[in-house]
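For reference, the structure discussed in these notes is given below.
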There are 2 protein chains.
Amino acid sequence: MIEVTAIDAVLRTLADPTRRAIFERVVNSDEITVVELTRGSGVTQGAISQHLKSLKQAGLVAERPEGRNVYYRAEPEGLAPLADWMSHYAVFWRERFANLKTLLKEIDP
Amino acid sequence: MIEVTAIDAVLRTLADPTRRAIFERVVNSDEITVVELTRGSGVTQGAISQHLKSLKQAGLVAERPEGRNVYYRAEPEGLAPLADWMSHYAVFWRERFANLKTLLKEIDP
DNA sequence: AAGATACATTAGTAAATGCTAATTGATTAG
DNA sequence: CTAATCAATTAGCATTTACTAATGTATCTT
């Protein structure tokens, strides 16, 4: 049995461009179904479902079945491992300090 | 010819655990050679060189040849695409606001 | 000069990955 | 009830990936 850490799962999941695009569409929607995600994605419905499974396992999305539709939404905590990992490189953020400051002001003025 | 964006290169490069471990060792060193990185890595020297090539192409490390040694160091700007990408998900950071605040205080007290 | 050391590169391979096409299970519509 | 729709799953595939072993190319040592 191979141990897979959270940061590992998140990075591996976001590394694929198609899957990342799906995640971004989910983020930009309040909720979105598989058919909607399939439309204009360039891949088949089956592929979309496979990617959603990966995203779900990585904790990046959650689902809400309703009738024959399944609504997907982004899961905020999913990005936490990535945020934590990046925080170890605080020194790298120094140069982007202004951006961060602006960001924080937007969040909590 | 396939267009590969910066965020794509960074995520793909960091997704592999072995390569990420190498990057972390480079970050935690001021400068480090290939033999040192090979030692205790569990893979051959050739594999290390291959991973370093990927990291270099992603802009995550830089090299300084000196004699027959090549010293590698972390490249701060390399993580910028990832930071920028994450900043689009500002709302996700809300819950981690305290951590961020602490981080910023450390950077600029 | 000859051997040793550091690193990069190459060819070959086993495994993982992302995809399609087809099938299945479930719910809704006519 | 039957047909259609939504989504998940499966098998098969072509491609990519990470690795080793071997070789190549400098540079240093003696």
Side-chain angles (χ1 to χ4, degrees), chain A residues 1-5 7-26 29 31-58 60-74, chain B residues 1-5 7-26 29-58 60-75:
Chain A
M1 204 193 312
I2 304 173
E3 163 107 24
V4 174
T5 62
I7 180 64
D8 204 285
V10 170
L11 281 174
R12 253 173 46 58
T13 302
L14 293 176
D16 181 69
T18 307
R19 194 159 46 229
R20 192 168 64 253
I22 293 172
F23 175 66
E24 287 171 354
R25 286 187 65 188
V26 172
S29 318
E31 279 189 331
I32 189 167
T33 63
V34 179
V35 264
E36 287 180 273
L37 284 170
T38 304
R39 191 170 19 238
S41 71
V43 296
T44 61
Q45 176 265 314
I48 296 288
S49 280
Q50 288 166 10
H51 284 309
L52 286 170
K53 187 178 184 179
S54 298
L55 288 165
K56 192 173 65 176
Q57 286 175 349
L60 290 166
V61 303
E63 54 183 349
R64 180 179 65 82
E66 185 181 289
R68 58 184 170 183
N69 300 312
V70 177
Y71 293 89
Y72 281 88
R73 63 176 181 280
Chain B
M1 205 195 304
I2 304 173
E3 162 109 24
V4 173
T5 63
I7 179 65
D8 204 285
V10 170
L11 282 174
R12 254 172 49 56
T13 302
L14 293 176
D16 180 70
T18 306
R19 194 160 46 229
R20 193 169 62 253
I22 293 172
F23 175 66
E24 288 171 354
R25 287 186 65 187
V26 173
S29 318
D30 187 45
E31 279 190 331
I32 189 167
T33 63
V34 179
V35 263
E36 287 180 273
L37 284 170
T38 303
R39 190 172 18 239
S41 70
V43 295
T44 62
Q45 174 265 315
I48 296 289
S49 280
Q50 288 166 10
H51 284 308
L52 286 170
K53 187 177 183 181
S54 298
L55 288 165
K56 191 172 66 177
Q57 286 174 348
L60 290 166
V61 303
E63 54 183 348
R64 181 178 65 82
E66 185 180 289
R68 58 184 169 181
N69 299 313
V70 177
Y71 292 89
Y72 282 89
R73 62 176 183 280
E75 197 72 10

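Heavy atoms only: backbone and side chains are in, while hydrogens, waters and symmetry mates are out. Owing to the predicted nature of the structure, the values given are computational and were not obtained by experimental measurement. Convention: sequence-line order gives letters A, B, ...; per-chain numbering from 1.
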| Ignoring hydrogens and angles, does a donor from either the side chain of A:Gln50 or the base of D:dT10 sit under 3.5 Å from an acceptor on the other? | yes

| query | Between atom NE2 in B:His51 and atom C1' in C:dT9, what is the gap in whole Å? | reply | 15 Å

| For B:Ser54 and B:Gln50, does a side-chain donor sit closer than 3.5 Å to a side-chain acceptor? | no

| N or O in side chain of A:Tyr72 less than 4.0 angstrom from D:dC6 OP1/OP2 | no

| field | B:Gln45 (side chain) and C:dA8 (base): donor-acceptor pair under 3.5 Å | value | yes

| request: Please work out if A:Gly46 contacts a base, only the sugar-phosphate, or nothing of the nucleic acid, heavy-atom cut-off 4.0 Å. | output: base

| note | Testing D:dT9, D:dA7, C:dA6 for proximity to the side chain of A:Thr33, the answer is D:dA7

| query | How long is the span from the CZ atom in A:Arg64 to the CG atom in A:Asn69, to the nearest 0.5 Å? | reply | 9.5 Å

| request: Please state whether the phosphate of C:dT20, meaning OP1 or OP2, lies under 4.0 angstrom from any side-chain nitrogen or oxygen of A:Thr44. | output: yes

| Closest contact, heavy atoms only, B:Ala74 versus B:Val26 | N-CG1, 3.4 Å

| request: Using atom CZ of B:Arg64 as one end and atom C1' of D:dT27 as the other, report the distance to the nearest whole Å. | output: 15 Å

| remark: Whole-Å distance, A:Asn69 CG to D:dA4 C1', equals 14 Å

| said: Taking the minimum atom-to-atom distance to the side chain of B:Val35, which one of C:dC7, C:dG18, D:dA8 wins? | reply: C:dC7

| said: With a cut-off of less than 4.0 Å, is there a side-chain N or O of B:Arg19 near OP1 or OP2 of D:dT17? | reply: no

| Rounded interatomic separation in angstrom, taking CD from B:Glu36 and P from C:dA6 | 10 Å

| Rounded distance [0.5 Å steps], CZ in B:Arg73 versus CD1 in B:Ile32 | 14.0 Å

| field | Whole angstrom value for the distance that separates C1' of C:dA8 from CG of B:Leu55 | value | 15 Å

| field | Phosphate contact (C:dC19 OP1 or OP2) by A:Thr18 side-chain N/O below 4.0 Å | value | yes

| note | Here the pair of heavy atoms bringing A:Leu37 nearest to A:Arg25 is O-NH1, 3.0 Å

| Which atom of B:Asp8 lies closest to which atom of A:Pro17, heavy atoms considered | OD2-CG, 3.1 Å

| field | Closest to the B:Glu63 side chain, choosing from D:dT9, D:dT17, C:dA8 | value | C:dA8

| Using a cut-off of 4.0 Å on non-hydrogen atoms, how would the nucleic acid contact of A:Tyr71 be classed: base, sugar-phosphate, or nothing? | nothing

| note | Checking D:dT17, D:dA8, D:dC19 against the side chain of A:Ser49 (C-beta onward), the nearest is D:dA8

| note | Of all heavy-atom pairs linking A:Leu14 and A:Arg20, the shortest is O-NH1, 2.8 Å

| task | Could you check how far CG of B:Asp8 sits from P of D:dT16, rounded to whole Å? | result | 14 Å

| message | Testing the basics here: between A:Arg12 and A:Arg19, what is the closest heavy-atom pair and its distance to 0.1 Å? | response | O-NH2, 3.3 Å

| Global bending angle along the helix from C:dA1-D:dT30 to C:dG30-D:dC1, which compares the axes of five pairs at either end, to 10 degrees | 10°

| field | Nearest-Å distance for atom pair CZ/P, residues A:Arg12 and D:dT17 | value | 13 Å

| message | By nearest atom, which of the nucleotides D:dA18, C:dA6, D:dT5 is closest to the B:Arg68 side chain? | response | C:dA6

| query | Which residue, B:Lys53 or A:Ala47, contacts DNA chain C at a nucleotide closer to its 5' end, judged by nearest heavy atom? | reply | B:Lys53

| For A:Leu52 and D:dC6, what is the distance between atoms CG and C1' respectively, to the nearest whole Å? | 13 Å

